[in-house]
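The analysis underlying the following values was restricted to heavy atoms, covering all of them including side chains, and did not include hydrogens, waters or symmetry mates.
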Amino acid sequence: MPLQMTTQWRLQITPRQVFWLKVLIHGVSLLFIAQLVYLTLSGGFGADPVQGISHFTGKSALNTLLLTLCISPLAKLLKAGMLVRVRRLLGLYCFFWAVLHLAGYVALDLNFNGSLVLEEIASRPYLTVGAVSWVILFALAVTSTQGLQRRMGKHWQKLHRWVYLATLLAPIHYIWSVKSGLIEPIIYIGISIGLLAFRYKTLARGITARFNLLRVK
(Lines give C-alpha, C1' and ligand atoms only; values in the text may rest on other atoms or scores of the structure.)
Protein backbone atom coordinates (compact mmCIF):
# COMPACT_ATOMS: atom_id res chain seq x y z
CA MET A 1 0.00 0.00 0.00
CA PRO A 2 1.51 3.34 -1.00
CA LEU A 3 2.26 5.74 1.80
CA GLN A 4 -0.01 8.79 1.70
CA MET A 5 1.08 11.99 3.35
CA THR A 6 -1.14 14.98 3.88
CA THR A 7 0.18 18.36 4.84
CA GLN A 8 -2.01 21.04 6.38
CA TRP A 9 -0.90 24.61 6.67
CA ARG A 10 -1.51 25.82 10.19
CA LEU A 11 -0.21 29.06 11.66
CA GLN A 12 -0.21 29.23 15.43
CA ILE A 13 -0.75 32.82 16.59
CA THR A 14 -0.66 33.68 20.28
CA PRO A 15 -2.38 36.66 21.96
CA ARG A 16 1.04 38.24 22.43
CA GLN A 17 1.72 37.99 18.69
CA VAL A 18 -1.68 39.56 18.01
CA PHE A 19 -0.67 42.44 20.28
CA TRP A 20 2.54 43.05 18.36
CA LEU A 21 0.69 42.74 15.07
CA LYS A 22 -1.63 45.52 16.23
CA VAL A 23 1.41 47.58 17.22
CA LEU A 24 2.75 47.07 13.69
CA ILE A 25 -0.58 48.20 12.18
CA HIS A 26 -0.52 51.33 14.34
CA GLY A 27 3.09 52.03 13.38
CA VAL A 28 2.53 51.66 9.64
CA SER A 29 -0.63 53.75 9.78
CA LEU A 30 1.15 56.52 11.68
CA LEU A 31 3.90 56.51 9.07
CA PHE A 32 1.34 57.08 6.32
CA ILE A 33 -0.28 59.86 8.36
CA ALA A 34 3.13 61.48 8.80
CA GLN A 35 3.73 61.16 5.05
CA LEU A 36 0.40 62.89 4.36
CA VAL A 37 1.32 65.77 6.68
CA TYR A 38 4.83 66.07 5.20
CA LEU A 39 3.63 66.08 1.59
CA THR A 40 0.95 68.65 2.41
CA LEU A 41 3.30 71.06 4.19
CA SER A 42 6.22 70.63 1.80
CA GLY A 43 4.25 71.01 -1.41
CA GLY A 44 4.90 67.42 -2.34
CA PHE A 45 1.47 67.03 -3.94
CA GLY A 46 2.52 69.27 -6.84
CA ALA A 47 0.50 71.87 -8.69
CA ASP A 48 -2.87 70.52 -7.50
CA PRO A 49 -2.47 69.70 -3.79
CA VAL A 50 -6.23 69.38 -3.29
CA GLN A 51 -6.42 66.52 -5.78
CA GLY A 52 -3.26 65.01 -4.32
CA ILE A 53 -4.67 64.99 -0.79
CA SER A 54 -7.96 63.56 -2.07
CA HIS A 55 -6.24 60.71 -3.91
CA PHE A 56 -3.88 59.94 -1.01
CA THR A 57 -6.63 59.70 1.60
CA GLY A 58 -9.05 57.91 -0.75
CA LYS A 59 -6.54 55.27 -1.80
CA SER A 60 -5.44 54.80 1.82
CA ALA A 61 -9.07 54.11 2.79
CA LEU A 62 -9.52 51.72 -0.14
CA ASN A 63 -6.24 49.88 0.52
CA THR A 64 -7.10 49.44 4.19
CA LEU A 65 -10.61 48.24 3.32
CA LEU A 66 -9.25 45.59 0.97
CA LEU A 67 -6.64 44.56 3.54
CA THR A 68 -9.43 44.17 6.10
CA LEU A 69 -11.32 41.89 3.71
CA CYS A 70 -8.18 39.76 3.32
CA ILE A 71 -8.09 38.82 7.01
CA SER A 72 -10.92 36.27 7.09
CA PRO A 73 -9.84 34.19 4.05
CA LEU A 74 -6.23 34.35 5.22
CA ALA A 75 -7.19 33.19 8.71
CA LYS A 76 -9.22 30.36 7.19
CA LEU A 77 -6.43 29.35 4.81
CA LEU A 78 -3.79 29.28 7.54
CA LYS A 79 -6.20 27.97 10.19
CA ALA A 80 -5.21 30.91 12.36
CA GLY A 81 -8.41 32.04 14.04
CA MET A 82 -6.60 34.55 16.25
CA LEU A 83 -5.75 36.56 13.16
CA VAL A 84 -9.30 37.93 12.97
CA ARG A 85 -8.61 39.94 16.11
CA VAL A 86 -6.81 42.56 14.04
CA ARG A 87 -9.74 43.00 11.66
CA ARG A 88 -11.55 45.56 13.80
CA LEU A 89 -8.43 47.73 14.09
CA LEU A 90 -7.93 47.71 10.32
CA GLY A 91 -11.61 48.55 9.83
CA LEU A 92 -11.32 51.55 12.13
CA TYR A 93 -8.26 52.81 10.27
CA CYS A 94 -10.19 52.37 7.02
CA PHE A 95 -12.95 54.61 8.39
CA PHE A 96 -10.33 57.08 9.68
CA TRP A 97 -8.98 57.50 6.15
CA ALA A 98 -12.52 57.75 4.77
CA VAL A 99 -13.21 60.57 7.25
CA LEU A 100 -10.07 62.41 6.12
CA HIS A 101 -11.09 61.85 2.50
CA LEU A 102 -14.52 63.39 3.05
CA ALA A 103 -13.18 66.16 5.30
CA GLY A 104 -10.63 67.14 2.66
CA TYR A 105 -13.35 67.36 0.01
CA VAL A 106 -15.69 69.40 2.21
CA ALA A 107 -12.95 71.75 3.43
CA LEU A 108 -10.77 72.19 0.36
CA ASP A 109 -13.23 71.76 -2.50
CA LEU A 110 -16.47 73.09 -1.03
CA ASN A 111 -15.21 75.55 1.61
CA PHE A 112 -17.33 73.98 4.37
CA ASN A 113 -20.57 74.73 2.49
CA GLY A 114 -22.94 72.17 4.00
CA SER A 115 -25.83 72.74 1.59
CA LEU A 116 -23.47 72.41 -1.36
CA VAL A 117 -22.27 69.04 -0.04
CA LEU A 118 -25.76 67.54 -0.30
CA GLU A 119 -26.32 69.15 -3.69
CA GLU A 120 -23.05 67.76 -5.06
CA ILE A 121 -23.74 64.28 -3.72
CA ALA A 122 -27.21 64.27 -5.26
CA SER A 123 -26.10 65.60 -8.66
CA ARG A 124 -22.83 63.69 -9.20
CA PRO A 125 -23.22 59.89 -9.45
CA TYR A 126 -19.61 59.15 -8.44
CA LEU A 127 -20.13 61.18 -5.27
CA THR A 128 -23.42 59.39 -4.61
CA VAL A 129 -21.65 56.03 -4.82
CA GLY A 130 -18.86 57.28 -2.59
CA ALA A 131 -21.34 58.67 -0.05
CA VAL A 132 -23.18 55.34 0.19
CA SER A 133 -19.88 53.56 0.78
CA TRP A 134 -18.93 56.16 3.43
CA VAL A 135 -22.22 55.77 5.29
CA ILE A 136 -21.74 51.99 5.37
CA LEU A 137 -18.24 52.38 6.80
CA PHE A 138 -19.60 54.84 9.38
CA ALA A 139 -22.27 52.37 10.50
CA LEU A 140 -19.72 49.57 10.74
CA ALA A 141 -17.27 51.69 12.75
CA VAL A 142 -19.92 52.88 15.21
CA THR A 143 -21.19 49.35 15.84
CA SER A 144 -17.79 47.66 16.04
CA THR A 145 -17.55 47.65 19.85
CA GLN A 146 -18.09 44.44 21.80
CA GLY A 147 -20.89 46.03 23.80
CA LEU A 148 -22.93 46.82 20.69
CA GLN A 149 -22.15 43.40 19.25
CA ARG A 150 -23.81 41.82 22.29
CA ARG A 151 -26.78 44.18 22.22
CA MET A 152 -27.43 43.75 18.51
CA GLY A 153 -26.98 39.98 18.54
CA LYS A 154 -27.58 38.39 15.15
CA HIS A 155 -28.44 41.78 13.66
CA TRP A 156 -24.82 42.87 14.13
CA GLN A 157 -23.57 40.22 11.71
CA LYS A 158 -26.23 41.17 9.16
CA LEU A 159 -25.24 44.83 9.38
CA HIS A 160 -21.55 44.10 9.01
CA ARG A 161 -22.14 42.12 5.84
CA TRP A 162 -22.83 45.48 4.20
CA VAL A 163 -19.06 45.83 4.05
CA TYR A 164 -19.28 43.69 0.91
CA LEU A 165 -21.31 46.40 -0.81
CA ALA A 166 -18.84 49.05 0.33
CA THR A 167 -16.01 46.91 -1.06
CA LEU A 168 -17.69 46.98 -4.46
CA LEU A 169 -18.77 50.64 -4.42
CA ALA A 170 -15.46 52.15 -3.25
CA PRO A 171 -13.42 51.16 -6.35
CA ILE A 172 -16.38 52.14 -8.57
CA HIS A 173 -16.26 55.57 -6.94
CA TYR A 174 -12.53 55.65 -7.67
CA ILE A 175 -12.77 54.71 -11.35
CA TRP A 176 -15.70 57.09 -11.86
CA SER A 177 -13.82 60.01 -10.32
CA VAL A 178 -10.67 59.85 -12.45
CA LYS A 179 -10.41 61.28 -15.95
CA SER A 180 -7.32 59.36 -17.02
CA GLY A 181 -5.13 56.50 -15.83
CA LEU A 182 -7.87 53.89 -15.58
CA ILE A 183 -5.55 50.90 -15.21
CA GLU A 184 -5.05 51.30 -11.46
CA PRO A 185 -8.76 51.66 -10.54
CA ILE A 186 -9.59 48.70 -12.79
CA ILE A 187 -7.03 46.63 -10.87
CA TYR A 188 -8.73 47.67 -7.62
CA ILE A 189 -12.10 46.54 -8.98
CA GLY A 190 -10.57 43.20 -9.94
CA ILE A 191 -9.12 42.74 -6.45
CA SER A 192 -12.47 43.65 -4.87
CA ILE A 193 -14.34 41.13 -7.01
CA GLY A 194 -11.73 38.50 -6.17
CA LEU A 195 -12.14 39.10 -2.42
CA LEU A 196 -15.92 38.92 -2.74
CA ALA A 197 -15.59 35.68 -4.71
CA PHE A 198 -14.07 34.06 -1.60
CA ARG A 199 -17.38 34.77 0.11
CA TYR A 200 -19.71 33.58 -2.64
CA LYS A 201 -21.45 31.11 -0.33
CA THR A 202 -22.22 33.81 2.23
CA LEU A 203 -23.39 36.19 -0.46
CA ALA A 204 -25.52 33.50 -2.10
CA ARG A 205 -27.18 32.66 1.22
CA GLY A 206 -27.92 36.33 1.86
CA ILE A 207 -29.43 36.87 -1.60
CA THR A 208 -31.52 33.70 -1.29
CA ALA A 209 -32.80 34.76 2.14
CA ARG A 210 -33.77 38.19 0.81
CA PHE A 211 -35.52 36.66 -2.17
CA ASN A 212 -37.47 34.22 0.02
CA LEU A 213 -38.48 37.05 2.36
CA LEU A 214 -39.77 39.15 -0.52
CA ARG A 215 -41.63 36.17 -1.96
CA VAL A 216 -43.37 35.54 1.37
CA LYS A 217 -44.44 39.17 1.56
Side-chain angles (χ1 to χ4, degrees), residues 21-71 86-87 89-141 163-196:
L21 188 55
K22 289 182 177 181
V23 170
L24 177 63
I25 292 171
H26 282 302
V28 173
S29 299
L30 290 174
L31 283 176
F32 279 109
I33 294 170
Q35 183 184 14
L36 173 64
V37 173
Y38 172 76
L39 291 174
T40 301
L41 297 179
S42 66
F45 284 121
D48 191 354
V50 174
Q51 185 180 28
I53 292 172
S54 178
H55 283 176
F56 188 98
T57 54
K59 287 176 62 176
S60 295
L62 181 53
N63 288 333
T64 313
L65 176 61
L66 296 180
L67 186 58
T68 304
L69 265 290
C70 287
I71 296 298
V86 305
R87 188 172 53 190
L89 179 60
L90 287 170
L92 290 176
Y93 268 117
C94 171
F95 180 62
F96 167 79
W97 286 111
V99 169
L100 288 187
H101 185 61
L102 176 62
Y105 176 70
V106 173
L108 303 176
D109 278 295
L110 303 183
N111 245 357
F112 295 104
N113 190 329
S115 60
L116 189 56
V117 172
L118 298 178
E119 182 181 329
E120 287 284 290
I121 291 175
S123 61
R124 298 176 183 268
Y126 83 94
L127 290 179
T128 306
V129 169
V132 172
S133 182
W134 194 95
V135 169
I136 292 173
L137 294 178
F138 171 77
L140 301 185
V163 71
Y164 303 146
L165 179 59
T167 304
L168 189 60
L169 293 181
I172 292 176
H173 165 72
Y174 181 21
I175 194 172
W176 217 340
S177 64
V178 298
K179 297 178 181 178
S180 60
L182 298 178
I183 294 178
E184 187 175 56
I186 289 175
I187 292 175
Y188 274 109
I189 289 179
I191 294 173
S192 299
I193 293 174
L195 288 172
L196 293 177

Point-to-point distance, once rounded to the nearest 0.5 Å, from OH of Y164 to CG of L195: 10.5 Å
Beyond-backbone contact of F96 with I33, side-chain heavy atoms, under 4.5 angstrom: yes
Atom of P49, atom of G46 and distance for their closest heavy-atom approach: CD-O, 3.6 Å
Separation of S133 OG from L165 CG (nearest 0.5 Å): 7.5 Å
Residues that S42 engages under side-chain hydrogen bond (donor to acceptor under 3.5 Å, both in side chains), provided they are two or more places apart: none
Gap separating the OG1 atom of T57 from the CZ atom of F32, nearest 0.5 angstrom: 13.5 Å
Ring geometry between W134 and F95 (parallel below 30°, tilted from 30 to 60°, perpendicular above 60°): tilted
Atom of I71, atom of V86 and distance for their closest heavy-atom approach: CD1-CG2, 3.9 Å
Passing candidate, side-chain contact (heavy atoms from CB on, under 4.5 Å) with L69, options I191, L90, V163, T64: V163
Whether T167 side chain and S192 backbone form a donor-acceptor pair below 3.5 Å: no
Shortest non-hydrogen separation from L137 to A98 and the atoms involved: CD1-CB, 4.0 Å
Counterpart residues, side-chain hydrogen bond (donor to acceptor under 3.5 Å, both in side chains), relative to H173 (two or more places apart): none
Main-chain N/O of L62 paired to W97 side chain as donor or acceptor, under 3.5 Å: no
Atom CD1 of I183 with >12 non-hydrogen neighbours under 6.0 angstrom: no
Interatomic distance, L140 atom CG to L92 atom CG [nearest 0.5 angstrom]: 10.0 Å
Inter-residue atom distance L100.CG - S60.OG, 0.5 Å rounding: 8.5 Å
Non-hydrogen side-chain atoms of Q35 and Y38 separated by less than 4.5 Å: no
Interatomic spacing from OG in S177 to CD1 in I172 - rounded to 0.5 Å: 12.0 Å
Any L36 side-chain heavy atom under 4.5 Å of F45 side chain: yes
Minimum-distance pair of heavy atoms, taken over all atoms of I189 and P171: CG1-CB, 3.6 Å
Residue pair I175 / Y188, side-chain heavy-atom distance below 4.5 Å: no
L39 side chain reached by I53 side chain, heavy atoms, under 4.5 Å: no
Heavy-atom closest contact (L127 atom, E120 atom, distance): CD1-O, 3.7 Å
Intermediate values then yes/no, side chain to side chain contact (heavy atoms under 4.5 Å, CB included), R124 and W176: CA-CA 10 Å; R124 298 176 183 268; W176 217 340; over 6 Å; no
Test log, rule side chain to side chain contact (heavy atoms under 4.5 Å, CB included), inputs L89 and H26: CA-CA 9 Å; L89 179 60; H26 282 302; 3.5 Å; yes
Contact summary for A61 and C94, nearest pair of heavy atoms: O-SG, 3.4 Å
